[in-house]
Amino acid sequence: MDNFAAQRVRKAVDCVFARTVSRLKRYRAICERRTDLDNRSAVAGQHAAKRCKCAVHEAEIKLAPEMYDRLFSMHGITMIFWYASPILTGFSVYLVPLMAGARDIAYPRLNSFTYWSYLFSGILLYVGPLIGQSPHAGWFSYMPYTNIVYSPTHGMDFYAIALIFLGISTTGGAINFIITILRFRAPGMAISKMPLFLYSTLTISCTIIFAMPALTLACIFMELERRWGMHFFGVASGGSPLLWQQLFWFFGHPWVYVIFLPATGMVSMIIPVFSRRPIVGYTYVALSTILTGLVGFSVWLHHMFTVGMSDLTMSFFSAGSMMISVFTTVTIFAWLATVWKGRPIATTSMLYALGSVALLVIGGLSGVVTGIIPVDWQLHNTYYVVAHIHYVLIGANVFPVFAGLYYWLPKMTGRMMNERLGKWSFWVMFIGFNIGFFPMHIVGLMGMPRRIYTYSSALGLQPMNELMTYGAFILGIGILLSIINLFYSLRRGALAGNNPWNSDGLEWAMSSPPPSYEVVHIPSVSTRHPLWDDFDEAEDSDDERVLSNARLTITSSLLDAEPLAAASMANLTLVPMFLALALFGLFLALVFKLLWLCLAAVIVTFLLGCYWLWPRPIKGEL
Amino acid sequence: MSSIAQPLVTQAEPHTGAWPLETNRGIYAVYSVIATEGTLFICLFASYYFLGADKYRWSIDAPPKLMKAFLMLAILISSSLVMMWGERMVKRAEYAHARAAVLITILMGLVFLGVQASEYKDHWKTLTPFMDSYGSIFYTITTFHAAHVIMGILMLGYLAVLPKYGPTKLPPHRPYRVVSLYWHFVDVIWVFVVLLLYIIPHFQVYGF
């Protein structure tokens, strides 16, 4: 009888798994092509699959341990590299020119290229799982486990090469943002009057410039070691597996701030608007944003406290990690003071922003805990760390992104999101997330390691794990409500008008959605809150800033934003897409070492580059 | 490629009204590229030292020979001087001279690659990238640099066929300056490669 019941449970689990996995595959295909909302349903699916797996201890199920490794690896890689930063880049691409009052981003064709190369690199990554050769070593892929001996399929090659490709895209985007923010701000928007979102985007763009090469190099080394017979990581041939860890985390920790700072920038834009007052301590928030990016370069060894190093080194990096929390705390207290001193309104967007603050505090505190060296030795590689990363990334990336979506989608689509459904979505997500992830702290402290596909029933971990699985599903339902809300609002939502939230930023002076080539009249700014204060858009008696005769925008000086010159913008073109496609061919050929194809792709890339850069007449707009 | 269907008024040059034309965007971009690529080389050098840090010395009997590396250094530095001369010619509007400078620089770059090939041939007798970590990192760094030289030569090739160097209102506004900045960067990197990979090992335990 007992046996029979067990068999039925197994069958049921098998069935759920088969369905989840097939759904997951569909999600994977979708999330590369569709918008970011879909991306988050993929994370929910992957979470659900992972959680299902852990809830059933020692079960005989068809999902082999290798499959579990692939699932959590693809989950981590997709979320860290292809979701968390790109979605913020998406916001930045849309909002930076609008907020800066420029007519377009500094290099429009490069912008197009970074989008297409992002898309194609994601497709390249997912070619692997589709042909059954998936990365399987987590998102940080430590050597020597990823060496050819232990990983003979092409899975890790797809990982390494897709990341190199993505690095090109990310670097291009960063260059674009830096130049746009430094030189393309509207006249009068001095560096002391920039919206805080521009500060965070500028900081992370500089971070990317100096952090990305380390990852690119690590991936090149991995590829050379795996497929070209060179030696970097094998101790027997004079290499060191720690080289991978050093390079990866030199990139990896600054990257944490890349996927965190723009989100805090968004919260710094949203909380003041719904508190109906300017942010408290603007200067301190701006400075702590920059300092976080800077000090973020001196904390990477805290990921490696367990590998063995001198006390002095560890102390230095522990102190660096602690220092970051001071900057984050300054920002958090500025937000709290803003709410305290203002007259807060509980819109959905505000709820998400405040929820994000709460979760960020929990994630930040568990980060301080893991920054303490002896505690880290105990907690390393346990579920505690999983709880920490998810509180930071969901608290300080996903929740701000939802806050940003509810806040800026009316600008993008011209229609308001449904507030009632939005608040439901928020509360379901908030409760589901905490049920799903808070117990991870506890099971982590109890000693449950991360990345295990099963565990002994004697450990008493099952009730907690079951609870977490329910939480993950509740979180997924909450996200689903927002997706439904999006499609409902696209059709039925109330018209937004120019400035539905009575906000202060330049982007709200535009019609919703903004015309495709944005402003013809470049605005001029004299305060930090142009729409709340005296907005001298009209004070341009000679129509000097009306640039209607061609695709032009105004460039201004670095600090004071004195208008200097007019910059011409490129024509509409598809060449960047073809260039990204040629690079896709190059990298796909590299995975399989088809050298003649590589050479052909390089030549095509070069010729397309020449065609792209060839001087040709600028077309007038009107 | 561009949207032909739209009824656009074609203008030969953008009419900027009262504003002077912004021409420095390419310069900003190339400086950014240099920053990120420079970091890539710093990471490469850091890897070289990281791999060497846990060893008494590299597993080679003698440090790399200096002659050809110095010859290559001389070629690259003089090619940078040629490019600087070319930039001055552009400023003076002597475009034929400027184009000659580009062609000479391409030639010098090719000679550099030729010398490097013969240097590799010498090296290959005692050291291959497949032997150990030293061979791997040595060949990776030098090949990375060679790849950047090839990239530079391709950019110079584009510059060589570009119809007009003078002040233009059409982007790219200052291609000559952009390409020569990149070329100078590639040359400076070789200075560091020679210093770190060729000269400094001579002062280590191998003895002179």
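Letters A, B, ... are given to chains in the order of the sequence lines, protein chains preceding strands, and every chain is numbered from 1. Computed from a prediction, not measured in an experiment: that's the story for all the values here.
Heavy atoms only, all atoms of each residue included: B/Trp19 and A/Ile554 are closest at CZ2-CD1, 3.6 Å. Counting all heavy atoms, side chain and backbone alike, B/Ser32 lies closest to A/Ile179 at OG-CD1, 4.1 Å. When all heavy atoms of A/Ile175 and B/Ala29 are compared, the pair lying nearest together is CG2-CA, 4.3 Å. Between B/Thr36 and A/Pro213, the closest heavy-atom pair is O-CG, 3.2 Å.
Using a 4.5 Å heavy-atom threshold, the side chains of B/Arg25 and A/Phe184 count as touching. With contacts defined as side-chain heavy-atom distances shorter than 4.5 Å, the pair A/Trp614/B/Val161 qualifies. Residues B/Leu162 and A/Pro615 have side chains in contact (heavy-atom distance under 4.5 Å, counting atoms from C-beta outward).
In this structure, chain A has a heavy atom under 4.5 Å from the side chain of B/Phe144, while its backbone stays farther away. For B/Ser47, the parts lying near chain A are the backbone and the side chain together; criterion is any non-hydrogen pair under 4.5 Å. Looking at B/Phe50, the atoms closer than 4.5 Å to chain A (heavy atoms on both sides) all sit in the side chain, from C-beta outward. Residue B/Met131 touches chain A through its backbone alone, counting heavy-atom pairs closer than 4.5 Å. At a 4.5 Å heavy-atom cutoff, A/Glu225 makes no contact with chain B through either its backbone or its side chain.
Residue with the most contacts toward chain B among A/Asn176, A/Leu564, A/Leu110, A/Leu182: A/Leu564 (heavy-atom pairs, distance under 4.5 Å). Note: A/Ile209 leads A/Thr555, A/Ile209, A/Leu247 in heavy-atom pairs under 4.5 Å with chain B. Between chain A and the residues B/Met155, B/His173, B/Lys55, the largest count of heavy-atom pairs under 4.5 Å involves B/Lys55. Of the listed residues (A/Cys610, A/Ala565, A/Ala211), the one with the most heavy-atom contacts under 4.5 Å to chain B is A/Ala565. For the set A/Ser240, A/Gly609, A/Ser237, A/Ala218, the count of heavy-atom pairs under 4.5 angstrom toward chain B peaks at A/Ser237.
Using modelled atom types and a 3.5 Å distance limit, the side chains of A/Arg183 and B/Tyr28 yield a donor-acceptor pair.
With rounding to the nearest 0.5 angstrom, the CZ atom of A/Phe221 is 10.5 Å from the OG atom of B/Ser133. The distance from the CG atom of A/Leu217 to the CD1 atom of B/Ile42 is 12.0 Å, given to the nearest 0.5 Å.
At a heavy-atom separation below 4.5 angstrom, chain B is approached by A/Trp228, A/Gly229, A/Met230, A/His231, A/Phe232 within residues 226-234 of chain A.
More than 12 heavy atoms of other residues, nucleotides or ligands shown are found within 6.0 angstrom of NZ on A/Lys593.
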